[in-house]
S.K.: 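Please find one structure pasted underneath; my questions will follow.
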Protein chains: 2
Amino acid sequence: MSSVQESGAISLKRLQTACESCSLFQLCLPLELAHDDLEELDHIIKQRRPLQRGEYLFQMGNEFRAVYAIRSGSLKTFTTTDGGEEQVTGFHLPSELVGLDAITTGTHPCSARALETTSVCEIPFDRLEELGSRIPGLQRQLLRIMSHEILMEQDTMIWLGKKSAEARLAALLLRFSSRFKARKFSACDFNLSMSRTDIANYLGLAVETVSRLFSRFQTEGLLEVDRKHVLIKDMDALQRMAGADHTN
Amino acid sequence: MSSVQESGAISLKRLQTACESCSLFQLCLPLELAHDDLEELDHIIKQRRPLQRGEYLFQMGNEFRAVYAIRSGSLKTFTTTDGGEEQVTGFHLPSELVGLDAITTGTHPCSARALETTSVCEIPFDRLEELGSRIPGLQRQLLRIMSHEILMEQDTMIWLGKKSAEARLAALLLRFSSRFKARKFSACDFNLSMSRTDIANYLGLAVETVSRLFSRFQTEGLLEVDRKHVLIKDMDALQRMAGADHTN
DNA sequence: CCGGGACAATGACCCATGTCAACAACTGGG
DNA sequence: CCCAGTTGTTGACATGGGTCATTGTCCCGG
């Protein structure tokens, strides 16, 4: 899953960010920006030391200062209920922006934790906003990204509300598949960086159910699974499964 | 539930919109704008003939031209699956903006239908965007509203994923309660403009379950229910119910 | 190469909630 | 004011998926 991976020791000089040379360029914020505007954006972006698996990018309740674009690796976001229970609210892949849900309140409503070694671009929000008011294309792109996030969550709500366990897992797999595809990775052959527990939590199922489903999908010839590694063998069948709600 | 209701015949002269005189002023887009900026906003807003119960504000697949602020009444938004099944994605009350989820694709991903007589302000999106780039406060407010929407949907995802039927209904009731309260209506005594079927659909439950729960809440003394009308008698108990997920 | 701890898979059992069916209550049109 | 259609309520029964318990597997450190 990891791609652009910084090697070993962290040099003290400012790491090169340069959106223009980033392989995620077309999916991330910069899309459609002119060369000069891009340079301005580059200047406000800070590159941070890569996060190790399990490290937090931010925690629920932290003051909101920046949004983060993922360069490589992956994150999960989750809230913690009063009872200490965790609820996973999303998994995030390279080029995606996290932290947007903190704008309203000025406080992060969820925590973000690395699922593997992960590097991010930090984009201070006050400066992004200021820049947005000068560069209409940037502003538009920001609204578009947020709108897209709303859309994706509506989709998720549909699975959670209406669909059977198998449809939910199928939908999850398809979503990952298309996200990888958009990032020029294989749509059929990928690693899931999160644990079964995280998947189950996200889908609102018991771990055991998820486990059983993976097994069943495998015996039915839809997938080949080996731990984190997934190979999709029958995309159409998955699609059919994901489509059917349990009223059928 | 309806409040600012236009009476009978529709005059041909442009109806008075004037955000400044709107009772929803503080909750809606205009918040924090200076007088002059408000006037500019007023100029791009169109007032449409009120929608009757069951009328569509827009339909899934329609081209995205405008976002809509609800003045009075209420709407539901929903998608229709290939199988013709309906999935309710939200209920919308006065001062709320609908249509934001269409920004990314330029096409409405869901339909919006009036649950009762409902009047809305139409805000053409191209002009709003243009205005936003000139008025930073407006832009900020727009981002804030979208961020808030993301937040609310995450919350919804949590109910749907993790919670028992009773917790879901309790959470729904509490959400309406606080939304009415924010709009200076009673937090304990209100009408639900949508049918049981819509509620059930939204919560991912069977109508029968919703019906039974209403009855049970009533016998347990938490509520008094009479058709659409709800009187909350024990807010704390509801809160406790909404909090507990079915892992407790 | 071995051992411990986390993670994953599988089986047996049970409960919450869905389904089906009958009925009751309300609503609007004539 | 009545009747038909729609919407809501209630009961009996079925089942998907949760829970608990056991066993298997991987992975890392020593």
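Values reported hereafter were calculated over all heavy atoms of this structure, with side chains retained and with hydrogens, waters and symmetry mates removed. Numbered from 1 within each chain, the chains take letters A, B, ... in sequence-line order.
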S.K.: What is the distance, rounded to the nearest whole Å, between atom CE of B:M194 and atom C1' of D:dT7?
M.R.: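 Rounded to the whole Å, the gap is 15 Å.
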
S.K.: Does NZ or CZ of A:R183 fall inside the cone over A:F180's six-membered ring, less than 6.0 Å from its centre and within 45° of the axis?
M.R.: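 Not satisfied by the 6.0 Å and 45° rule.
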
S.K.: Provide a list of protein-nucleic acid N or O atom pairs under 3.5 angstrom, restricted to nucleotides 22-30 of chain D.
M.R.:
none

S.K.: OP1 or OP2 of D:dG16 sitting under 4.0 Å from any side-chain N/O of A:T209?
M.R.: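 Result: no.
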
S.K.: Rounded to whole angstroms, how far apart are CD on B:Q218 and P on D:dT10?
M.R.: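 After rounding, the reported distance stands at 9 Å.
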
S.K.: Take the angle between the ring planes of B:H108 and B:F64 and call it parallel below 30°, perpendicular above 60°, tilted in between.
M.R.: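 Judged by the thresholds at 30° and 60°, the geometry between B:H108 and B:F64 is perpendicular.
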
S.K.: Flag yes if more than 12 heavy atoms outside A:R216 fall under 6.0 Å of its CZ atom; otherwise flag no.
M.R.: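 Enclosed: over 12 neighbouring heavy atoms sit under 6.0 Å from CZ of A:R216.
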
S.K.: Nearest heavy-atom pair of A:D189 and A:H229: which atoms, and what distance?
M.R.: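 Nearest heavy atoms, A:D189 then A:H229: OD1-NE2, 2.6 Å.
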
S.K.: Looking only at heavy atoms, what is the nearest atom pair of A:L51 and A:Y56, with distance?
M.R.: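 Shortest heavy-atom contact: CD2-O, 3.7 Å.
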
S.K.: Between atom CG in B:D198 and atom P in D:dT6, what is the gap in whole Å?
M.R.: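 So the CG-P distance, B:D198 to D:dT6, works out to 16 Å.
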
S.K.: Using nucleotides 11-14 of chain C, report all nitrogen or oxygen pairs with the protein that are shorter than 3.5 Å.
M.R.:
from: C:dG11; atom 1: N7; to: A:R212; atom 2: NH1; distance (Å): 2.8

S.K.: Nearest whole Å is fine: how far is C:dT17 P from B:E166 CD?
M.R.: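 About 8 Å, once rounded to whole Å.
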
S.K.: Please state how far atom CG in B:L203 lies from atom C1' in C:dT17, giving the value in whole angstrom units.
M.R.: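 Roughly 13 Å, once rounded to whole Å.
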
S.K.: Can you check the B:R196 CZ to C:dA24 C1' distance for me, whole Å?
M.R.: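 Taking CZ of B:R196 and C1' of C:dA24, I get 15 Å after rounding.
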
S.K.: When you check the phosphate oxygens OP1 and OP2 of D:dT10, does a side-chain N or O of B:S211 lie under 4.0 Å from one of them?
M.R.: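 Answer no for this pair, as no side-chain N or O of B:S211 is under 4.0 Å from OP1 or OP2.
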
S.K.: Would you say NZ of B:K228 has more than 12 non-hydrogen atoms from neighbouring residues, nucleotides or ligands within 6.0 angstrom?
M.R.: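 Above 12, so yes.
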
S.K.: Hey, does the side chain of A:T197 come within less than 4.0 Å of C:dC7's phosphate (OP1/OP2), counting only N and O?
M.R.: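 No, no such contact exists.
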
S.K.: Rounding to a whole Å, what distance do you find between A:R53:CZ and C:dA6:P?
M.R.: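 About 13 Å, once rounded to whole Å.
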
S.K.: Rounded to whole Å, how long is the line connecting atom CD1 of A:I199 with atom P of C:dC7?
M.R.: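 Those two atoms, CD1 and P, are 13 Å apart.
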
S.K.: Do NZ/NE/NH1/NH2 and the carboxylate oxygens of B:K162 and A:E85 come within less than 4.0 Å?
M.R.: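 Salt bridge: no.
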
S.K.: So which heavy atom on B:S147 is nearest to which on A:T104, and how close?
M.R.: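 Nearest pair, atom of B:S147 first, then A:T104: OG-OG1, 2.9 Å.
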
S.K.: If I compare all heavy atoms of A:L97 with all of A:C28, which pair ends up nearest, and what's the gap?
M.R.: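 Heavy atoms only, the tightest pair is CD1-SG, 4.5 Å.
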
